[in-house]
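Within every chain, numbering begins at 1; the chains are lettered A, B, ... in the order of the sequence lines, protein sequences first and strands thereafter. Both backbone and side-chain heavy atoms feed into the values below; hydrogens, waters and symmetry mates do not.
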Amino acid sequence: MMRGDTARAKLATRGLRVYYGGRAALRGVSLAVPDRSVTALIGPSGCGKSTFLRALNRMHDLRHDARVEGRILLDGRPIDRLPPEVLRRRIGMLFQRPNPFPMSIFQNVAFGPALLGVRGKELERIVCSALQRAALWNEVKGRLHQHAGGLSGGQQQRLCLARALAMEPEVLLLDEPCSALDPGATEEIERLIAELRCSMAIVLVTHSLEQARRLADRVAFFQDGRLVEEGPAAEVLERPQQQETRRFLARGDWHRTCRGNGGSQGE
Amino acid sequence: MMRGDTARAKLATRGLRVYYGGRAALRGVSLAVPDRSVTALIGPSGCGKSTFLRALNRMHDLRHDARVEGRILLDGRPIDRLPPEVLRRRIGMLFQRPNPFPMSIFQNVAFGPALLGVRGKELERIVCSALQRAALWNEVKGRLHQHAGGLSGGQQQRLCLARALAMEPEVLLLDEPCSALDPGATEEIERLIAELRCSMAIVLVTHSLEQARRLADRVAFFQDGRLVEEGPAAEVLERPQQQETRRFLARGDWHRTCRGNGGSQGE
Amino acid sequence: MDVRDRLARAALAALAAVASAGVLLIALAVTVEGWPALPHLFGAVWSPEDGKFGVLPLLAGSALVTLGSLTLAVPAGIGLGLFLADVASPRLAGVVRPALQGMAAVPSVVFGFLGLNLIVPWISRVFGGLGFSLLAGCLVLAFMVLPTIAAVSEDALRAVDPALREGAYALGATPGQVAWRLLLPAAKSGLTAAVVLALGRALGETMAVLMVLGNAAAVPRSPLDPARTLTGNIALEMAYAAGRHREALFASGALLLLLNLAVTQAARLAAGGRAAR
Amino acid sequence: MDVRDRLARAALAALAAVASAGVLLIALAVTVEGWPALPHLFGAVWSPEDGKFGVLPLLAGSALVTLGSLTLAVPAGIGLGLFLADVASPRLAGVVRPALQGMAAVPSVVFGFLGLNLIVPWISRVFGGLGFSLLAGCLVLAFMVLPTIAAVSEDALRAVDPALREGAYALGATPGQVAWRLLLPAAKSGLTAAVVLALGRALGETMAVLMVLGNAAAVPRSPLDPARTLTGNIALEMAYAAGRHREALFASGALLLLLNLAVTQAARLAAGGRAAR
Amino acid sequence: GRSSVGLRIAGSTSLQPLAEMLAEGYQAAGGARVSAQGVGSTAGLQALRTGVADLATISRRLTPEEVREGFRAHVIAWDVLAIAVHPSNPVEGLTLAELRRLFSGEIRDWAELGSPAGRVHLISREAGSGSREAFRELVGPIHPLTAVQNSNGVIRLAIRNDPAAVGYLSLGVARAGGVKLVRVDGRLPGEPGYPLVRPLSLVTLGPPSGEARAFLMYALSPAGQRLVADEGLLPVR
Ligand SMILES: Nc1ncnc2c1ncn2[C@@H]1O[C@H](COP(=O)(O)OP(=O)(O)OP(=O)(O)O)[C@@H](O)[C@H]1O
Ligand SMILES: Nc1ncnc2c1ncn2[C@@H]1O[C@H](COP(=O)(O)OP(=O)(O)OP(=O)(O)O)[C@@H](O)[C@H]1O
Ligand SMILES: [Mg+2]
Ligand SMILES: [Mg+2]
């Protein structure tokens, strides 16, 4: 059954293990990510979500202390058959910690397209549209040529998202894209994700179960470097099969319970 | 009335303005933070929350391009009367973006107490207790002497919290302390905050209205560098006086609405 | 700020004051000694025996040797820094780095002698002529400053936050693009420091250049002509000079200081300056 | 990796290969020339006229001068770097930095002459004796390497992420504590590079030291005794050496390379090495 | 006390080997301890002036100002300046006049001297050096654009490498080989009557006295002059 899944999947891993130094951070994860859908990864802090995401576009190649084992397939073909830069152009990524380049806001977003030789008006159009889609345009349109280091935390996060969007990838890896955003901005980004889902595969790491509920088609629950449970969002979130998943979701529900006590709202 | 507030407050600002280069990021904020309570700052991304927090412990002194105007009072006395290091020992801070020092986990947490000359067993005790309170102990107890750069995003965030806790400050400034945490860890941190509230003044920047509801005694809503509205949590969140506040809260409610559609849960 | 801190800060400030004062003192000493000869420096002929102290040929020599050697050494040095910081495996870097470092401590005389025994005859054989030439000076000097540039560049490039590198790779940049569009601009200040250090060293280097440059006090008209630098001139003649000649040498020393300051500041400005940080 | 990238990478690798080969070549050339004299080097007396080529006194001279000057210059240089990077206002730094930079390009001869005219007589006056001494050499050399250490240190310290500085200040650290406990450890690799560069420069420096050191080929027994360095010895005698004497000079050059490599690697190891990154 | 050093000598680097030999011989003959520093002629005078040295060595003549200051030069040896060319150069001998025209830049091509055509490459010592001063005095002015090297050894090397080169250097070094020595006015360097010789002197400030005088006497003694000859220099006695 897994086999069939894998074949149809946009992106799939088989027995993925990642080691930092000697320590295993992922201990054999087999997961299929279907195209045109949102797959949410949830799990406690430190369980390996970011590690998993970074494996998918071969980020671990860049650090000498990380080692990856197992297979990763894009459209059914091992990703190491592709030159890494081609792979990474097809698989965009937003890192957990905003990492704007030390250059202007414009140059940050233009970085990717410029690599492909896009110039002039066309480049400006791409930058502008990417910033708009990342809900940042209004805040920065007057200071496009200022240093990106002068942006607030949430602005930096959206800038990095815009930077990834500007490449128009086939797969988008989002590591907590809304962690530094207010509810309004979060709403806009969620609308964007919902829209992008029509055209690409999205892997979304999120700590907000609500966000997973709102956006995810499928949910994968990680714990301790293992994939504990995976399936359609409604099933995993509402009728989890595994004890660990249930426990994790129940703790998350502390919020809900609490909220109930918060008093009713005006409207 | 403002006057009286200010006098009783643990920490208070009067007409606080902050400029980056020439641009104003805070345009005259007067806010009183009572002792033994949680004051939540909410507002859209880029509105000046972090800027406000950084002003309170004179972080802006450290960068040449920032300028601060207005008065800030700690226990009724201007903070610039105190030597900055004394002020900062009394006012602990968790930054929005985790900034672990490039040293071991232990050394990170021990950094502050060691400044005061704490050594040996006593130091170990403090580090251990701080890590426990920050809900990180179980995950790192086996690797205290490994490099802090090898921690996951959420782990780094809790490490920085532990680092601040180890100084036992009188005031704690928390810039989105749970942004990288799963619901379980969030719950533990929120319990911690609720507990700390009995002994200190806490200023909490958060993007989660639910978190503000759960934790805050008072809420201040910022927009565009101004303090739009401030008051007891229930009043501001449930019966906001200002149009802007209402609009902001309503957008946040998109979540609630959505959640309603998410289907009912197992239990 | 506690007492120890105040003390430390005062000590540092004192240190800076002393160092700056030292430099001023040197500059002053040199200028005072050279002052009377100043009006004599503006000429095109340096011939102390005829009472001619025109520094033009020496200035030209210094400028050309420095320019020539940096033109060779800066790209090569930054390239090597990049190689060590970003391209080479740790093991390979562990071989190349000490080799470069070894080169950094080869004393000027040895460089000079190797230049004399290898480069000069080679130039003479291939291009004819004496072999003692601008070209020989540039080559020797380029080798001498190469390790400094490489070491400082490597460190500047390594200091770039790895998260930025990852960000660029994640956008599909090739290693070359990452280096060219991200690492080099991000490390600009450190690279400028590398160049500025090399510049100072090249302008100030004496022995090795002296030995291979031919030292004719004339503006060279081709890379194969001999040339004489300001420092070489001082080294050559200071031991014997007296009177006006000695003053002229000191004045040319002051000129050298000035030249170095000017070029350094220009380099900093061209690189966008540290102010950008 | 696209074609241009492959080319660039190949070019860099070739560059590294050429540079390393160059160093090997230098080492080889020096060693080959000096090989026959090798067995003669292990003695305590350098007296070419008597056919005695023991390098012990020269080795001692080089080691002591280098050690002495770095003992003075490393703390001062790192201190200055810290001052420029963290303590001084941008305006003050804008004055001190060019001054230091000016010092970096003062040619060795000028340093030597100032040493000869100021430091040597001063030592002679205060402590008696000739004044030409180990102490004079250390002082002059310390001044010479100071700007290099300061410049490279400043850059290394500036490259530390400002967010870390803020983190330390936010814990109530005084500026001194921030520097001592955070900045210096965090910049360790860059500071090591600074020291290693200075070390190479100090070991290899010839002219200035030659002029003030007195150059007696005996192991100095006090800082006021004259001394002779390996490089100084080569510079003094290479010009007229022939036969065994010449070979011995080359062999001592090879020794110098070896010494530098050893000391450099030791410094790297002591600093925890770059491997830690 | 001023240290254990009895007599302090500083000065000309080209005299340094001889100074060391003399110092050793002097001590062996029961004289005081001597330390000799090769720092350059002018620096040596400076050391003498400031009292850092008791004796200076110079390889040039004193300038009139220096004489007026009270410096006294005592010639202890003669250095022979050899004229050297590449071994392949057929030139055997030159007259003083030809030499003058060669080095003043008047003769620019070897053809004018009967050798195969080719531009003359002049190599000279640096301005102020004893050799150059002596050459200028004995032969005539040197063209200002001549290539310059600051040691006899490098001059020999340069001439060895370049078939078109000609230069002057100390006989002791020139004899190390690789270059061809040219007759001047028919005489080979070292032969009696060879015109290009320069004085090497010990300098005192005022008349010599005490230890300095004793050393000077030793240098001029037969034992001292034997050392002079050993160094490849011409004795004065
Ligand atoms: N160092 C800086 N230089 C220039 N402008 C800055 C700098 N830091 C912040 N700003 C600007 O000041 C404004 C307020 O920034 P601040 O970081 O306080 O926002 P915030 O409320 O914390 O936002 P977020 O929720 O996204 O973290 C923003 O418009 C931001 O772009
Ligand atoms: N560079 C590294 N070196 C060593 N260990 C690492 C490194 N990065 C992560 N780890 C460890 O691997 C495990 C998984 O980390 P990862 O970053 O994937 O967690 P995560 O699920 O993304 O957590 P979070 O929600 O806190 O971001 C953690 O225990 C972490 O400490
Ligand atoms: Mg993560
Ligand atoms: Mg913020």
Side-chain angles (χ1 to χ4, degrees), chain B residues 50 53-54 56-66 82-104 107-117 130 147-149 156 159-175, chain D residues 78 81-97 152-194 268 270-277:
Chain B
S50 299
L53 231 51
R54 293 164 55 90
L56 299 182
N57 70 348
R58 294 183 59 182
M59 275 296 125
H60 292 304
D61 292 12
L62 302 176
R63 298 222 175 159
H64 290 293
D65 59 346
L82 286 173
E85 61 272 13
V86 173
L87 174 76
R88 293 183 189 130
R89 273 171 209 159
R90 294 174 60 186
I91 304 187
M93 172 152 187
L94 174 69
F95 291 83
Q96 183 168 14
R97 193 172 112 139
N99 54 354
F101 299 140
M103 41 187 89
S104 77
Q107 285 169 320
N108 261 276
V109 184
F111 194 94
L115 294 178
L116 303 176
H147 199 260
Q156 290 188 4
L159 178 70
C160 293
L161 178 60
R163 205 166 64 182
L165 291 175
M167 290 300 283
E168 312 251 355
E170 299 166 27
V171 179
L172 199 51
L173 311 176
L174 301 175
D175 205 344
Chain D
I78 294 183
L82 191 61
F83 183 79
L84 291 174
D86 201 52
V87 179
S89 68
R91 176 174 298 182
L92 183 55
V95 174
V96 176
R97 196 182 296 118
V152 179
S153 303
E154 183 194 350
D155 235 81
L157 291 166
R158 271 185 195 279
V160 176
D161 186 351
L164 298 182
R165 267 185 84 216
E166 290 179 352
Y169 276 111
L171 289 171
T174 64
Q177 290 171 326
V178 173
W180 190 248
R181 291 165 186 249
L182 178 77
L183 294 180
L184 293 177
K188 197 167 61 178
S189 142
L191 298 179
T192 310
R268 285 248 169 71
R274 275 164 211 256
R277 280 236 178 125

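Annotation: side chain of Arg63(B) is in contact with side chain of Glu166(D) (closest heavy-atom distance under 4.5 Å). Looking only at side-chain heavy atoms (C-beta outward), Phe101(B) and Asp161(D) stay at 4.5 Å or farther from each other. For the pair Leu182(D) and Met103(B), the minimum side-chain heavy-atom distance is below 4.5 Å.
To the nearest 0.5 Å, atoms OH (Tyr169(D)) and CZ (Arg88(B)) are separated by 7.5 Å.
Proximity to chain B is absent for every atom of Pro185(D), based on heavy atoms less than 4.5 angstrom apart. Heavy atoms closer than 4.5 Å to chain D are found in the backbone of Ile91(B), but not in its side chain.
Residues of residues 163-172 of chain B placed with any heavy atom under 4.5 Å of a heavy atom in chain D are listed by number as Arg163(B), Ala164(B), Met167(B). Among the residues in residues 107-115 of chain B, those with a non-hydrogen atom closer than 4.5 angstrom to a non-hydrogen atom of chain D are Phe111(B), Gly112(B), Ala114(B), Leu115(B).
Residue Asn99(B) comes nearest to Leu164(D) through the heavy atom pair O-CD2, 3.7 Å, listed as atom of the first residue, atom of the second, then distance. Residues Glu85(B) and Ala173(D) approach most closely at CB-O, 4.0 Å, considering heavy atoms. Listed here is the closest heavy atom pair of Gly167(D) and Phe95(B): CA-CE1, 3.8 Å.
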